[in-house]
Asks: 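Handing you this structure, nothing more for now.
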Amino acid sequence: MEYIQFIVTIIIILVIFYIANYAKRKQDKELKKMQDDLKEGDKIVTYSGMAGIVSKVLEDRIILKTYPNEIEISIEKWAVAGLDDRTIE
């Protein structure tokens with residue numbers, strides 16, 4: 001009887017672990033797809049909080065034009081946290 005309880009507990013832990021990892025892998029896959037699909041003119045924000053407009057897309061880097069003074073910065077694609085839907089003033 002103790003073995004059955006132990007096995008059921010292990011199965012429940014494995015199911016919870018799988019569900020948690022599945023959600024994270026799905027989120028990572030969507031982020032990677034967004035980073036790979038970046039194009040000129042997209043407004044983005046980086047993990048460091050920098051925001052700007054993509055001015056050029058290279059193989060593994062992008063050239064980012066910052067909002068207020070249009071300085072161009074080269075960053076890695078993996079540093080892009082997401083698209084920025086705020087308006088530029």
Side-chain angles (χ1 to χ4, degrees):
M1 206 59 172
E2 291 179 15
Y3 292 114
I4 294 174
Q5 289 177 340
F6 180 73
I7 291 172
V8 169
T9 304
I10 295 297
I11 290 173
I12 290 172
I13 290 172
L14 289 174
V15 167
I16 291 171
F17 183 74
Y18 176 78
I19 290 171
N21 280 337
Y22 177 77
K24 178 67 174 147
R25 279 185 282 144
K26 183 178 178 184
Q27 186 179 29
D28 288 347
K29 189 183 291 186
E30 290 172 357
L31 179 63
K32 176 73 171 139
K33 182 177 179 350
M34 183 274 304
Q35 291 169 343
D36 290 339
D37 292 344
L38 287 174
K39 59 187 180 304
E40 292 181 18
D42 284 346
K43 294 186 288 183
I44 62 165
V45 64
T46 66
Y47 283 112
S48 64
M50 215 177 339
I53 299 173
V54 176
S55 65
K56 188 173 184 181
V57 178
L58 306 173
E59 184 176 332
D60 60 343
R61 302 181 71 77
I62 61 170
I63 307 299
L64 179 69
K65 189 184 296 183
T66 59
Y67 289 153
N69 34 7
E70 297 189 1
I71 297 173
E72 290 191 339
I73 302 168
S74 175
I75 62 169
E76 297 281 336
K77 281 186 178 180
W78 62 262
V80 176
L83 296 176
D84 190 5
D85 57 354
R86 299 175 291 180
T87 58
I88 302 170
E89 311 238 351

Asks: Tell me which pairs pass side-chain hydrogen bond (donor to acceptor under 3.5 Å, both in side chains) where either residue lies in residues 13-25, with sequence neighbours left out.
Replies: K24-D28
Asks: Provide the closest heavy-atom pair for Y67 versus I44 in the form atom of the first, atom of the second, distance.
Replies: OH-O, 4.5 Å
Asks: Is there a side-chain contact between K26 and E30 (heavy atoms, below 4.5 Å)?
Replies: yes
Asks: Please give me the minimum heavy-atom distance between G82 and M34, naming the atom from each residue.
Replies: CA-CE, 3.6 Å
Asks: Per the side-chain hydrogen bond (donor to acceptor under 3.5 Å, both in side chains) rule, what does the pair list look like for residues 44-57, sequence neighbours excluded?
Replies: T46-S48, S55-E72
Asks: Do Q35 and I62 have side chains that approach each other closer than 4.5 Å (heavy atoms only, starting at C-beta)?
Replies: no
Asks: Would you check if K33 and D36 make a side-chain contact, meaning some heavy-atom pair closer than 4.5 Å?
Replies: no
Asks: Once rounded to the nearest 0.5 Å, what's the spacing between atom NZ of K43 and atom CG of L83?
Replies: 10.0 Å
Asks: Hey, does D84 have a side-chain heavy atom less than 4.5 Å from the side chain of I53?
Replies: no
Asks: According to a hydrophobic-cluster definition based on side-chain heavy atoms being under 4.5 Å apart (Ile, Leu, Val, Met, Phe, Trp, Tyr only), do F6 and L14 belong together?
Replies: yes
Asks: Establish whether I73 and L38 are linked, either directly or via other cluster members, by ILVMFWY side-chain heavy-atom contacts under 4.5 Å.
Replies: yes
Asks: Per the side chain to side chain contact (heavy atoms under 4.5 Å, CB included) rule, which among I16, V15, T9 passes with I12?
Replies: I16
Asks: Taking the side chain as C-beta and beyond, is there a heavy-atom pair between K39 and V54 under 4.5 Å?
Replies: no
Asks: Among the clusters formed by ILVMFWY side chains lying less than 4.5 Å apart, do V80 and I63 turn up in the same one?
Replies: no
Asks: Determine the sole option in I13, V8, I7 for which the side chain to side chain contact (heavy atoms under 4.5 Å, CB included) test with I11 is passed.
Replies: I7
Asks: Any side-chain heavy-atom pair from V57 and K77 closer than 4.5 angstrom?
Replies: yes
